[in-house]
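Read the structure below first, then the notes.
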Amino acid sequence: MNIASDPRSLSADSLLSPEANQAAALAAANGVLTIDLDALVANWRKLEKTAVPAECSAVIKANAYGCGVAPVARALAAAGCKTFFVATPEEAAAARAVLPSAIIYVLNGLIQNNGDAYARIDARPVIGDLNELAEWDVFCRRTGWAGGAAIHIDTGMQRLGLTITEAQGLIPRIHAGDHGISLVMSHLACAENLHHPMNARQLAAFRGIASEFSGVPASLANSSGIFLGSAFQFDIVRPGAALYGVNPTPEADNPMLPVVDLKARVVQIRDVERGEGVGYGGNWTARRPTRLAIVSAGYADGYFRAGSSNDGTRGADVIIAGKRCPVAGRISMDLMAVDVTDLERNMVRRGHQATLIGGGITVDELAHHFGTIGYEVLTSLGTRYARVYKSETTGS
Ligand SMILES: *Cc1c(COP(=O)(O)O)cnc(C)c1O
């Protein structure tokens, strides 16, 4: 929620200070998404330490995995991060607005006939195809632009990148010097699975070709790749998800700190009789006299319908009054019902906050209930929440 554009705060605008406005908007918000910038920075430092002597960059595509690109980029730059990756030139422009001197790479590459969109903001395309490279070379020759570009080499993902053979064709150019290539990279397909044979295959392929790109920094590891060991770390690592608290080692405990906390408001308490069906479809039946808390978040807020429960399956949990309580029935667009029968009477009232993420409910746990991965939970976080950025060090 953009507080300034929230109609509930407009009438107060002229009367109250910005702090009071923010407090008023928070008090009126249906949900509050808190991003812990100190935890984010601690996560970046941990990854940096794990990868040393490699440089640790930060992937901030998709609005910094839903966490908000401007505050995230500012906090990481202040912590010492010098290289950032985004997906598109628009994302690069948003990052550049708060990163005056960082190196910014655009993972999805060069958009046809749009070289100046990169040069204007000093962003570097990650080039994944020979036609794209030819076009970039023409642009650089015509304009004199020498801002650098990365070459992406496919080592088994079959998504973006030159084939190994195509990349070998560039070796004479690299050896001739003045080649305009500032990074050579590839991307792991199965890094979150420690023992997947693909990891060793991609490592061997990348090591071979990267060693021919003499003098060009090399990069292979995403978040999970960092934890595959130092052989995978090369000169620069590219973590995204782990910065935001997603477990990069799903087969082991999460080494990262949680960054996201999500709370939504209890809008009503209601008692239903034994035998009543709850929610759309009525396929969650009260098996006892039941007390429900109706909470103001739903699938339009990124709380996926797949977290619903019915008579056969338990769904996601929500924390109310310090206790885990199960979702009752289908998640609807803007609301969900939570079974709070086991809470002591009067522990929960209208206006109380329910914790949807946080207090032990992790992004990964929620992803499990939603039948997806933490990445999708983060990038689906809704736009109706008031956003709060917490940091002891910047005081924001
Ligand atoms: C998204 C992305 C990353 C970051 O991956 P995480 O798994 O989030 O750490 C790194 N490299 C490339 C090419 C990507 O597309």
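We count ligands from 1, going down the list as the structure has it; atoms in each ligand are counted the same way. Reckoned from all heavy atoms, side chains included, excluding hydrogens, waters and symmetry mates.
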- Heavy-atom cut-off of under 4.0 Å around ligand 1: list whichever protein residues fall inside it, by chain and number.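 For ligand 1, the residues that come within the 4.0 Å heavy-atom cutoff are V59, K61, Y65, L107, R159, M185, H187, N222, S223, R238, P239, G240, A241, Y375.
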- Item | Pairs meeting criterion side chain to side chain donor-acceptor pair (under 3.5 Å) with involvement of residues 104-122, two or more places apart |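 Found Y105-R124, Y105-S182.
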- Query: With sequence neighbours left out, which residue pairs that include part of residues 355-370 fulfil the side chain to side chain donor-acceptor pair (under 3.5 Å) condition?
  - Reply: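 For residues 355-370: R324-E365.
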- Query: Which atom pair, heavy atoms only, marks the closest approach of Y303 to A316?
  - Reply: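 Reported closest heavy-atom pair: OH-CB, 3.2 Å.
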- Is a salt bridge present between R314 and D339, judged by a nitrogen-to-oxygen distance below 4.0 Å?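 Salt bridge flag = no for D339 with R314.
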- Message: Test side chain to side chain donor-acceptor pair (under 3.5 Å) on Q202 and S186; report intermediate values, then the result.
- Response: CA-CA 9 Å; Q202 289 194 270; S186 189; 4.7 Å; no
- Query: Can you name the salt bridge (Lys or Arg N to Asp or Glu O under 4.0 Å) partners of D137, sequence neighbours left out?
  - Reply: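 In terms of salt bridge (Lys or Arg N to Asp or Glu O under 4.0 Å), with neighbours along the sequence ignored, D137 is linked to R173.
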